[in-house]
Amino acid sequence: ETKVGMITTLSGGGAGLGIDVRDGFMLAIKQSGRNDIEVVIEDDQRKPDVAVQLADKMVQSEKVDVMTGIIWSNLAMAVIPSVTAQGKFYLSPNAGPSALAGKGCHQNYFNVAWQNDNLHEAAGAYANSAGYGKTFILAPNYPAGQDALTGYKRFFKGELAGEIYTQLGQTDYAAEIAQIRASGADSVFFFLPGGMGIAFLKQYADSGVDLPVVGPAFSFDQGILQAVGDAALGVVNTSQWNKDLDNATNAAFVESFQAEFGRLPSLYASQGFDTANLLISALEKADVSDADAFRAALKAAEFASTRGDFKFGNNHHPIQTIYAREVVKEGDVYTNKLIGPALENHADAYAADCKM
Amino acid sequence: MMQERYLNATIFAILVVLPVWAVWTDEPFTITLMTRAAIFALAAVGLNIALGLGGLVSFGHAVFFGLGGYAMGILAYHAQTYTPLLEAPLLIEGTKSMPVIWLVAILVSTLAALLIGVLSLRTGGVYFIMITLAFGQMFYYFAISWSAYGGEDGLSIYVRNGFPGLNTLDPIQFYGICLAILSLALFVAHRLAKSPFGLALGAVRQVPQRVETVGLNGIRLKLVAFVISGAITGLSGALFADLNRFVSPTMFSWQLSGEIMVFIIIGGVGRLFGPVAGALIFVGLEHWLGGLSDYWHVYLGLLLLLIVLFGRGGIIGMIAGRERSDV
Amino acid sequence: MSLLTLSKVSASYGVSQALFGVSLKLSEGEVMALMGRNGMGKSTTVKCICRMLPAQGQIVFDGHDLARLPSHRAARLGIGLVPEGRRCFASLTVEENLVAAARKGHWDMSRVTALFPRLAERKDQRAASLSGGEQQMLAIGRALMTNPRLLILDEATEGLAPIIRQEIWSAVGSLKAQTGLSILVIDKSVKELRGVCDSAVILERGRSVWRGAMMDLSDDITQAHLGV
Amino acid sequence: MSFILIAEQVLNGLQFGIMLFLMAAGLTLIFGVMGLINLAHGSLYMVGAFAAAAVAGATGSFVLALAAAMAAAAAAGALIELLVIRRLYDKDHLDQVLATFALILIFSEGTRWMFGSFPLFLQIPPYLSGPVSLPGGIEYPLYRLVLIGAGLFVAAGLGLMITRTRIGIQIRAGENDREMIAALGVDISRLYTLIFALGAALAGLAGALVGAIQSVQVGMGEPVLILAFVVIVIGGIGSIKGALVGALLVGLTDTLGGVFLPQFFGLFMTPAAASSVGSSLASMAIYILMGAVLIWRPTGLYGVRA
Amino acid sequence: MSEAVLSTYGLSKSFGALKASEDISLDLRAGEIHAIIGPNGAGKSTLIAQICGTLEPDVGRVELMGRDVTGLSARARAKAGLGRTFQISALAMEDTVLQNAVLGALGASGRPWRFWTPALKDKSLVARADAALERVGLEDFRNMRTAELSHGQRRQLEVAVALTLSPKAFLMDEPMAGLGMEGSQRLTGFLSELKQEAPILLVEHDMDAVFALADRISVLVYGRVIATGTVDDIRANREVREAYLGEES
Ligand SMILES: Nc1ncnc2c1ncn2[C@@H]1O[C@H](COP(=O)(O)OP(=O)(O)OP(=O)(O)O)[C@@H](O)[C@H]1O
Ligand SMILES: Nc1ncnc2c1ncn2[C@@H]1O[C@H](COP(=O)(O)OP(=O)(O)OP(=O)(O)O)[C@@H](O)[C@H]1O
Ligand SMILES: [Mg+2]
Ligand SMILES: [Mg+2]
């Protein structure tokens, strides 16, 4: 019997992501047919202090062996160090803050999604290949936003037409769009998660500025695209996964997810699904109580990932291919179509700092 | 109707007995919950001095909570990374000692309360509510973008700070510290309410013009109340940060200011044990309802509504009668 | 016929009971004084009539049982109140105070300002900055603008200059004569009440202890119940 | 920086201000006129946006969507007024804060219950989309001009209603002394229900109009709520004119602060640092503005002096 | 003639075009009651407000015991010895009668910055408060909640609070307002004793009381003092009768 604690966001504004991770995760558990895995799920309400409490509860009262589920970097930073310090395993299905990839890496911490910078780096690489020479970049003024612009700049070779930090939670982008229009840029890169991205794209589309837009998958994923509508059509975004990725695991996942929940899976659902499968693959080889063996089994990552090949780098973050994809409309549904790899077998920039 | 003093004693007994029972039955998480409630109660005891005694509806008390939290976060962060907090003009080192952190937390929130108070007390009523809210938002946005200390990610401290002679990592011992401080604060609040200062403050809340005509400075009375209030809430912030071994800008958020206020309203405004009752109930509800359904906020909302609509004077008022009695 | 009848009305503020059975009968066109020392329940009786305070017992106005009506319905039946403490709408101008609840009838802006020329002078001033006496005039004017059948004056001459008081009393007299208005008056000056009222009720500790025609109100009685 | 860009940013600031006014209008009405701190105002805004999105999705008509937004928000407003709010008028602000805080919880999660956790789709109709050219060579989205028009229209309508009509006078009288205005024969309860519903309808309208260019999602009302409070407090509670002026000030401060502060810091910092410091300050700017206004004028720009 | 405790010199105040006070010079002497009467809106309350410092005069000066207090705040004037009662009772309704009186004593002691010892255990404060309560005849009600007092008792408490401050001069704006006949008579008797303690500047429309109490009367009309004199002088003054008294008197 293995006990898994999942802390994720199930209420409030950001609940969609947490629900997808949970659904993907539970789907994999169900498909595995194992009934010796007990999953305790709690709602963190997207509040760091609540997440910390819940982590305490999982460790102290529920006595879980493995934890997972956190969506947001700030919550991850609050929970993961102390959980791993107490000897528990943590498998991150989404957040990958740089602090935990470099100096702060930990042998019991595995990230199954990406290091935060990855998708932005891929966006920079894509911009090069698309021949953009002068990009206007913007992101909210908080650590993930700062990482995003840094990540993009790390790979983008052209010049910057402008660089703006917007307010977190901002909903009106008229001023920024005016600056983009006046900047002489030939393309725009933005990282604006959630509602901010929806607002930006709608307003951008309505403004008459028609420079090409690049961004990470977060603003163009399945859960959100329907709300953006036509304004997102044709936008290129970067992701390590897409529903038309050509491998058998993925095809089966997409089909079974749709059958189970009546909606298309999102990036987050795929990450939840992969996380659970990684866990199951390790459990098949070793018991959690044998920490070293279990860790090695995780590290080996011998499971069928929805994104095809999957392996961990020395810092337990994925080394994977990140793709460019394009927003299209299939019938009534907005979704993404794969264009091609933007960065192949890409590791993160912090791995070298990890002494492990 | 139960007399308020017996009710208070009952509440206090819960604070003492429940954690002991939790240790007995090996339910460490119950202790964590109780610690959370005790710390929130402390924050609300602080606010209650401004709100209950002085009638100052501060919608920005999270400022002090957050400052206390960051006082702990920053000092411990520098201690844990062995970097000095300040080199010139004088060297200031970080620390992992709770008493020192508390002092700093109190000092910083006192200064902030002084500043905010001087500016905000020029206004009154709803404007006061809103200007304190504005200060809260300023601190919140500042903390989010202050990347030196983690910005929105906040700061994690890997090991709980120490208190001479105690093992703070043991939940019950840390709870003991929090309970002791809460009790002390309650005692202070009780004495304060009865003191000449408290009498004058109560009069300022009810009839400001009268206080002036007996030659007392109403604004200054309110300012001092606000500062004391901020200092206590600041101290609670430091404890909260230590409970979670983590600080983040959410400690400054208006939702948190609102929650501190909600504790008081649930418990009973201006009642000595109102904040304690309110915090216990709120934390309890949050915990029990959270397990019921994804949509548990609906139930929480309904319960709160019932309390306002039918429980005039908060829980304490419902049980011990509406009139504030002299305990 | 009787316009307003109270029988055995009692009422309380929270736990403390203020009225213990007040009865009175006021006829159409009658001017009645409600008398009593401080705190004996005069204003409380008025609040019960105006449905600002729940009451036990029977209150019948013009054949309608007031007990079941909300405050505004009672007022619409024709009860005009000049409350204790004036209660002008502080942030409204004088003119707005007057029109806020006006209903059509004999009394309109021009008649009210003719009665109190001062109000016309202060037409656009906010009520809060009026002098005490001006506010009192405004409160009376405001009640008249609703064109009531029963006017209730609760200490309506308080804080008014003697000369204005005299005018008000003579206005009360002519109101009765010209418009057949019924009036219930509370005032501290027994002497002045004697001049204008037809009948009186004396309250003591929340009970109506004396009722009768004004001319029957002897000095002994006032001495016993009012201390004067 | 070119003149056109500056002009355009000033226009953006004004436009944002009007948008804020649209969001604040209902709140001014309820807060200023009825003296009720309604934290649930943002929820009514959200209800409007969701209703609009649902109806637009079903019928494809934007006009119907707007009507539905107003109707749904008004109905929700009337309902909560009857069930909850009317018991709060004579209580102090604290109880109002708690009760309406509870309403936020109920509305937010209730909406999520009904509509799911994902943002909904609501779009500008084709006949209002795209930019138009203004004199001076400025390209400006037509829809935003429509928003400006709607905001000014609401401002004028509300202002007239409150200051000129008898209903307006009665409402203000009720704010001073509810019991007294009732004792004079005005059915203040019904009036307040109507006003609350009207305020809610305005919130719903704003939610739908603004939702079309922002995201329609659970929790969308909360940031709006705080901004709306800032606006009406700067303007002075109870003053429609104040709300309009306050909204324009906030809009200009926010927009121009966001644009120019980073550039200002760019004069002596690296672009990345300047952008970060500048935008931190910019995000605090409106609160600094509000603090400054209140310190200078403790009851706001057009508030009644004590 | 005894010396003036309180004097005003040329006080003037306008609200827009309205001259609420115009060049008002008057004084209050030891041991006397100086009544101010005049039509509604004549500027009596405005005058009181200027004397006690809640309203700033446009020009003019106020002196208390020979000291210029014009620049001082209301609070400083209260400290300097101006005792004031409010037209509408301003008392802490949730507190007891004693607590209200102790508040006054606390103000008189000038030391509200004591955070530990209970106020009601401070003997000197309580003694002072009790003395004042006894003075006005409220000693039996000292532990009652102020909200439960009758209107007349509240007025008495107002005076008691003012008494705790041992003022040099009293300012009273319509103290009889809302009192019944009997209550007015009692208060009249009380004020006639009180004036020995400190002189009273009295604004009142109750002519029975004014004529019974006042040593001197000043008549204010349209912001101007049109007459000052004894009760008999004023009663006999035709202008005053026309403007204010009417046929009564
Ligand atoms: N709001 C209130 N709450 C509690 N008790 C009250 C309230 N108002 C009046 N009372 C009490 O009810 C009793 C009757 O008061 P009421 O105001 O009716 O007297 P009154 O005859 O009008 O006196 P006055 O001449 O002083 O106006 C008094 O004992 C008073 O203390
Ligand atoms: N803030 C103000 N703005 C404009 N006018 C004012 C203001 N305050 C007072 N007034 C006017 O000044 C005049 C004098 O007012 P004041 O209150 O001094 O009169 P009063 O003599 O006390 O009258 P009363 O006997 O009726 O109380 C009144 O006409 C009043 O309307
Ligand atoms: Mg009365
Ligand atoms: Mg006056």
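Below, read A as the first sequence line, B as the second, and so on, with proteins coming before strands; counting in each chain starts at 1. Note that the structure is a prediction, hence the values are computed from the model and not measured.
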If you measure from the Lys or Arg side-chain nitrogens to the Asp or Glu carboxylate oxygens, is any gap between B:Glu212 and E:Arg77 under 4.0 Å?
no
Contact leader toward chain E among B:Val211, B:Leu192, B:Asn217, where contacts are heavy-atom pairs under 4.5 Å:
B:Asn217
Counting heavy-atom pairs under 4.5 Å to chain B, which of E:Lys121, E:Met93, E:Arg114, E:Lys79 comes out on top?
E:Arg114
For residues E:Thr117 and B:Arg191, report the shortest heavy-atom separation together with the two atoms involved.
CA-NH2, 4.0 Å
Highest number of heavy-atom pairs under 4.5 Å with chain B: which of E:Pro118, E:Gly53, E:Ala78?
E:Pro118
Does atom CD (E:Gln196) have a neighbourhood of more than 12 heavy atoms from anything else shown, all under 6.0 Å?
yes
Can you name the nearest heavy-atom pair linking E:Pro112 to B:Leu216, along with the distance?
CG-CD2, 3.7 Å
Mind checking whether E:Leu165 and B:Val214 have side chains closer than 4.5 Å, heavy atoms only?
yes
Who among E:Thr54, E:Val161, E:Asn100 has the most heavy-atom pairs with chain B under 4.5 Å?
E:Val161
Measure across E:Leu106 and B:Ala200 and return the closest heavy-atom pair with its distance rounded to 0.1 Å.
CD2-CB, 3.9 Å
With chain E as the partner, which of B:Val204, B:Val207, B:Leu221 has the greatest number of non-hydrogen pairs under 4.5 Å?
B:Val207
Counting heavy-atom pairs under 4.5 Å to chain B, which of E:Leu120, E:Leu91, E:Val102 comes out on top?
E:Leu91
Where do E:Asp95 and B:Gln206 come nearest, in terms of heavy atoms and distance?
OD1-NE2, 3.3 Å
Which residue out of E:Ala90, E:Ala105, E:Ser73 racks up the most heavy-atom pairs below 4.5 Å with chain B?
E:Ala90
Quick one: are B:Val188 and E:Trp116 in side-chain contact, heavy atoms under 4.5 Å?
yes
